[in-house]
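Here's the structure we're looking at; comments come further down.
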Amino acid sequence: MTTDYQHATHQGSQHDTSTEGHPSRVGHADHGGHAGHGDHAAQFRDRFWLSLALSVPVVFTSHMVAGWLGYHVPGWAGWIAPVGGTIIYTYGGWPFLTGAIGELRGRRPGMMTLVALAITVAGVASALTTFGVGGLMLDFWWELALLVVIMLLGHWVEMRALGQASGALAALAELLPESAERLDAADQPVAVPLSELMVDDVVLVRSGGRVPADGTITAGSAELDEALITGESRPVQRGAGERVVAGTIATDSAIRVRVDAVGADTALAGIQRLVAEAQNSKSRAQALADRAAAALFYFAAAAGAITFAVWAALGDLTAAVERTVTVLVIACPHALGLAIPLVIAISTSMSARAGILVTDRLALERMRTVDAVLFDKTGTLTRGEPVVVATIPDEGVSETELLALAGAVESESEHPLAHAIRTAADAAGLVPSASEIRSLTGRGVRAVVEGREVALGGPALLRELDAQPDPKITEQTSVWAERGTSVLHVLRDGVVIGALALADEIRPESREAVRELQAAGVRVVMITGDARNVAESVGADLGVDEIFAEVLPADKDAAVAQLQGRGMRVAMVGDGVNDAPALARADVGIAIGAGTDVAIESAGVVLASDDPRGVLATRRLSQAGYRKMWQNLVWATGYNVLSVPLAAGALAGIGFVLPPAIGALAMSLSTIVVALNAQLLRRVQLRPGTSNPR
């Protein structure tokens, strides 16, 4: 329900995202930039509470309400409703009156004009009744009060929803430490303000402390509480070589972090920029509500004019005025004013807490229609880094010994395969020290371990040393090679004593994500630049429906276009810079793993965590939210379409005319129905078997 009044608010929320400094400083700048949402939300809140307080005596001193409840309003209280109603009209109704002027000037009558028309007609008719002018019996002060209160509540909820995500991120920025412990040349921690941190500084994060800036762990390991970033309630183990994000908490031990992003380059700043764009995006359901409000305005105006003309022609001028006023008052859609804002507020809260950052509301709405999800393999369905997936030691050599020797030889290498081997060796047990380490370019590495020469390498190294593995080892390594797995042999004194298989590890959550998407009737497709045999091995393990292999980065968007050419609505899920064109071409672009990557700039949805199951959660939220919006819109507009003709006297010929009191009461009940229906959205489980975050 975006109006001229709110467009002015949106325009006031533009800000400069180039703020330099540490993440908290960026957070403050962004938050300040969005003060328009917060300030106007506060104005609607203040007007709502005062109007609500005044509406209580206005309602209970209404003769109409007193007649329903069977009590008598004393004579001295007769002026409470007119005075209170007038204050509510002028103070609480001011945003709608000024908004109506803007809509009429722009020749785009909508919700503001409809509300202003209803409260003005109700106020004028009630004032004439109070002063006994024209013999009218239209005590609508109570209805005017409730109409203003309900519409203020709807706008307050909407404005608060618009600022909710940025408010949560600003709160995250506020939780950053005021200073960091930077290690000096003597490797001693020195406290410095966050604004002085620079790329490549190394900081010490103590147990229980917060990470002050984005970076990579250089020493130590700890369980990090990343709930504020990803929505994941359980701490995640992070060790040397892994990235950490500012604001997360090292819960159990100290770590050292090399800073690689500050200021506007941090993940937090990137997310805040996306939130700013999302707040200025417009929901299709919101646009529909705007059009419904405009249509209702013309409908109400026409119905009012026809009602007056018909009843006046029948010779009953008093009835003509009463019927016309009744039509115009109950034509104002209380329920329509809450139909969309409530659903948006609830879905925004649910998505943010589940680690789903919606940067384009239209993308979220389109997600419900997606019938094919195209996953980039590396870094999305897989972890994007090699791990030791299998070993085969020769007779007389244990698996632990094999890994220990390999880890010792690779102790000084920075190669990703070397890191994977060291990680596996450390997990297996004590790794002996190595000396005389020599890198053999294109073949492998050699070293002296415990007085014996140990070598590690692939087929080129075996040929150079004229070494022949045991047939059992050869048989197994051939199977690994056929699957596209990297195979390295371990030799001691020139004899092959075993082999290691290294591959990009499939995320445990990926299998569940694929299975659940297929169960929901969605076709799952995988795309990768890897060789066909590697892609088919991973695809078979995951059970995907289709594979695009050996695809150049520049051609990924062509795969999206091909699927769309088959009549499919495609969601593309990726995490790399080279995924950006495909993310932009897809019906819905989903970037997995929030960060500063170019990919998230092209995505309509960003998953804060690396869990691909978030794709399914996004689809469930899209379906449930859109369903609730439509249910509310149908109820809200349906009430008006039925009640207005009855109030106008369409059935007067058979002796039935909708009494003003009953019409007003039904209108209030329709608002309650819409509000309760929106609350049912909270019962939707985004991930089966888990409760939704509150």
Side-chain angles (χ1 to χ4, degrees), residues 44 46-69 73 77-101 111-134 136-156 293 296-297 300-301 304 321-338 639-640 643-644 647 658-672:
F44 279 115
D46 295 343
R47 292 176 189 272
F48 165 74
W49 285 116
L50 180 59
S51 299
L52 179 63
L54 289 174
S55 69
V56 174
V58 169
V59 169
F60 285 101
T61 56
S62 165
H63 293 286
M64 187 179 293
V65 175
W68 293 343
L69 302 180
V73 178
W79 286 96
I80 292 179
V83 172
T86 301
I87 295 174
I88 292 173
Y89 173 81
T90 54
Y91 177 71
W94 184 254
F96 308 108
L97 297 173
T98 55
I101 293 173
M111 182 65 73
M112 290 295 190
T113 307
L114 198 53
V115 175
L117 175 65
I119 62 176
T120 299
V121 169
V124 171
S126 298
L128 293 176
T129 299
T130 299
F131 289 104
V133 178
L136 297 177
M137 297 297 293
L138 292 169
D139 176 18
F140 273 136
W141 290 117
W142 71 276
E143 173 58 20
L144 181 154
L146 290 184
L147 176 56
V148 170
V149 166
I150 290 172
M151 299 310 295
L152 284 173
L153 175 61
H155 283 70
W156 174 27
L296 282 175
F297 168 77
V321 174
E322 290 180 350
R323 289 290 99 208
T324 301
V325 170
T326 302
V327 166
L328 294 176
V329 170
I330 70 172
C332 182
H334 295 55
L336 187 59
L338 286 176
Y639 161 80
N640 290 86
S643 62
V644 167
L658 182 69
I662 300 301
L665 181 62
M667 182 165 48
S668 298
L669 290 176
S670 70
T671 303
I672 295 174

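Numbers here are sequence positions counted from 1.
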Look up atom CH2 in W141 and atom OG1 in T61, then write down how far apart they are to the nearest 0.5 Å.
11.0 Å
Contact between D46 and Y91 at the side-chain level, heavy atoms closer than 4.5 Å - yes or no?
yes
To the closest 0.5 Å, what do you measure between CD1 (I101) and CE (M112)?
11.5 Å
Quick one: CD1 on I88 to CG on L52, what's the gap to the nearest 0.5 Å?
9.0 Å
So, taking the atom named CG in L69 and the one named CZ in F60, what distance separates them when rounded to the nearest 0.5 Å?
7.0 Å
Walk me through it: do V58 and L144 pass the test side chain to side chain contact (heavy atoms under 4.5 Å, CB included)?
CA-CA 10 Å; V58 169; L144 181 154; over 6 Å; no
Just how far is it from atom OG of S51 to atom CZ of F44, taken to the nearest 0.5 Å?
11.5 Å
Do you know the tightest heavy-atom contact between I80 and P57?
CG2-CB, 3.8 Å
If you take all heavy atoms of P95 and G92, which pair is closest and at what distance?
CD-O, 3.3 Å
Are W49 and L152 close enough, and set up right, to give a side chain to side chain contact (heavy atoms under 4.5 Å, CB included), and what steps lead you there?
CA-CA 9 Å; W49 285 116; L152 284 173; over 6 Å; no
Would you indicate whether the side-chain heavy atoms of L97 and T120 approach each other to under 4.5 Å?
yes
Please round to the nearest 0.5 Å and tell me the distance separating atom CH2 of W79 and atom OG1 of T86.
9.5 Å
Which atom pair, heavy atoms only, marks the closest approach of V148 to G93?
CG1-N, 3.9 Å
Would you call T324 and V121 a side-chain contact if the rule is heavy atoms closer than 4.5 Å?
no
